[in-house]
Amino acid sequence: MRKRSINTTLGEVATSISMSKTKQKRAKYIFIVGGVMSGVGKGIAASSIGKILQARGLAVTALKIDPYINVDAGTMNPTEHGEVFVLQDGYETDQDMGNYERFMGLTLDRGNYMTTGSVYKSVIDRERNLEYKGQCVEVVPHIPLEVIGRIRKAAKKARADVAIIEIGGTIGEYQNILFLEAVRMMKIECPEDVLVALVSYLPIPGKIGEMKTKPTQYASRTLNSAGIQADIIIARSALPLDEKRKEKIATFCSLRKDSIVSAPDVDSIYDVPLNFEKDNLSAILLKKLGLRAKKNTLDEWRKAVASSKASVKPVRIAVVGKYFKTGDFVLSDVYISVIEALKHAAFASGRKPELTWIDSEEYEEDSDRVSELREYDGVLIPGGFGSRGVEGKITAIRFCRENKIPYFGICYGMQLLVIEYARHVAGLASAHTTEVDAKTKYPIIDILPEQRAKLARKDYGGSMRLGAYQAVIAAKTLARLAYGEDAVMERHRHRYEVNPEYVGDLRKAGLVFSGTSPDGRLMEIAELPKAVHPFFLATQFHPEFQSSLLHPHPLFLAFLKACVKQREMVQG
Ligand code: GLN
């Protein structure tokens, strides 16, 4: 393959990003950038583009670039940034990585995620190791070159025909300029291999009642000022784009009309790939990238979306958590993978999920309120940290146990189940987690010695059990029935564990640990036998990270089945 350099002024460094000399196929790169405002659905657009290209027989991978200094998403408060999505290899990333995995059926790794902090960190580490051989290491070009190197490496590792790279934030922000510089450099180097899609937003202001294109024109121009011309504009709006506005955007943003894709609001994110294809997006992308591909095979997806829409009978689930509020607004983004996993399993059970957020602190102010949980077909408590709302969650778990309401706990939701059981059934009245009460008489949930050492060093970034571990599933349990397998791999993100010293007492009191680490030391799933409760099960790991529309997670399916049964029983 021919060697190309970015341009002469970049000289020697440019060769480091030149095309590989090996036989490996040459990847194409689609950058997704956002205009006008955040939250317009870049992640879903990136995931959907990936999906429609996969349906044309292409190998696709996806990367997310986040412009903050945090080296990964692990140290951020969920209300700041939404869910932390944990990859198979334990890397703590942005929730968009979850969308990519769910839509495209991929298992991504740390090479698919970067932040400004992680990029700077490796450049500085390399400089300290004398890897730049005495050069003056500068923000430009070395930072963008590091970015480009990482993108190419990820594409190569995945043997991708197309790598989709989403740049977080909005065009015009100071923060993502160096990433745009990387795009510009790649485009100069190989214009035919790089495509930029601008996901923009067209407001329809209430008083005016007309869809406005001006903010998109400005976004396009701002992108131009970074030296980049968008190849495609994905026009997000409440309504579909009409021809007049398509023409206007085309004229003012220097594109042909067929490069403007309408992306109206939809009921379900899973509609987006199908909507994109209404504007023939995969064909447009293939043409622009000079790729040949097979005929479209989106049928499996189309069928799954159709069957999700056919699910009209409701199933009502209460999600009891604490990270819901942001100012005067509700932020369910924090539990996005849990929500999606509930949806996948509900659709597969032929039901429409109706999810209600309950702030567990409300049960602390007034514990009688917990009886409202009777109105639900099931209760789920997702992961969490710290002491706020903990007693309210324990009250909710107790209510579910005593009233035989299906309960599914995840991570903290399992630790609190174990505490509830220890306190009210096993006779260990003041049982607690040392996360909340370091001096508890019964530290039922405690930190492992190896993690304790890291915490003592204030090494919070590396003090959790992260990523996929194997769990062995005991025969004749709910978990085994659900999985149909005797060992599974599931992803973790926690510091604390069920204290091995109390496992015997808890078992004696009737709690079943149906999943454990292969050496039997760590408790991974707790449940009550079916004869005692219809569904009372919780996992130390996060099953939600591995659920998708086409492959709902077995434990979520089992929970939903129990919820549907509960509803039928109550309603007769
Ligand atoms: N706070 C608990 C721990 O660190 C649970 C974490 C979680 O729910 N993800 O172990």
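Order of listing sets the numbers, starting from 1, for every ligand and every atom in it.
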Is the shortest N/O to N/O distance between [X] and ligand 1 below 3.5 Å?
X	result
E435	yes
C411	no
H494	no

Identity and distance of the protein heavy atom lying nearest [atom]:
atom	result
atom 4 (O) of ligand 1	R495 N, 3.0 Å
atom 9 (N) of ligand 1	R493 O, 2.9 Å
atom 10 (O) of ligand 1	Y496 N, 2.8 Å

### Message
Determine whether W357 and I339 satisfy the following criterion, side chain to side chain contact (heavy atoms under 4.5 Å, CB included), listing intermediate values before the conclusion.
### Response
CA-CA 11 Å; W357 318 118; I339 295 167; 3.2 Å; yes

#### Entry: Carboxylate-amine/guanidinium contact K309 D271, below 4.0 Å
yes

### Task
Would you mind telling me if ligand 1 is within reach of the side chain of Q415, the backbone, both or neither, using heavy atoms under 4.0 Å?
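It is the side chain that gets close, since no backbone atom is under 4.0 Å.
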
#### Entry: Side chain, backbone, both or neither: the part of H542 lying under 4.0 Å from ligand 1 by heavy atom
side chain

### Task
Just go through G384, G383, G409, P382 and tell me whose heavy atom is the nearest to atom 5 (C) of ligand 1.
G384

### Query
Is the Y483 ring parallel, tilted or perpendicular to the H553 ring (thresholds 30°, 60°)?
perpendicular

### Query
Mind checking whether I32 and I164 have side chains closer than 4.5 Å, heavy atoms only?
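Of all side-chain heavy-atom pairs linking I164 with I32, at least one is under 4.5 Å.
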
### Message
Is any side-chain heavy atom of S514 closer than 4.5 Å to one of L478?
### Response
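Contact flag for L478/S514 side chains = no.
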
### Message
Determine whether E101 and L108 satisfy the following criterion, side chain to side chain contact (heavy atoms under 4.5 Å, CB included), listing intermediate values before the conclusion.
### Response
CA-CA 7 Å; E101 288 201 350; L108 301 169; 3.8 Å; yes

### Message
Within the 4.0 Å heavy-atom shell around F385, which atoms of ligand 1 are there?
### Response
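Answer, ordered by atom number: 1 (N), 4 (O), 6 (C), 7 (C), 9 (N).
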
### Query
Between F385 and Y412, does the ring centroid distance fall short of 6.0 Å?
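Judged by ring-centre distance (under 6.0 Å), F385 and Y412 do not meet the cut-off.
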
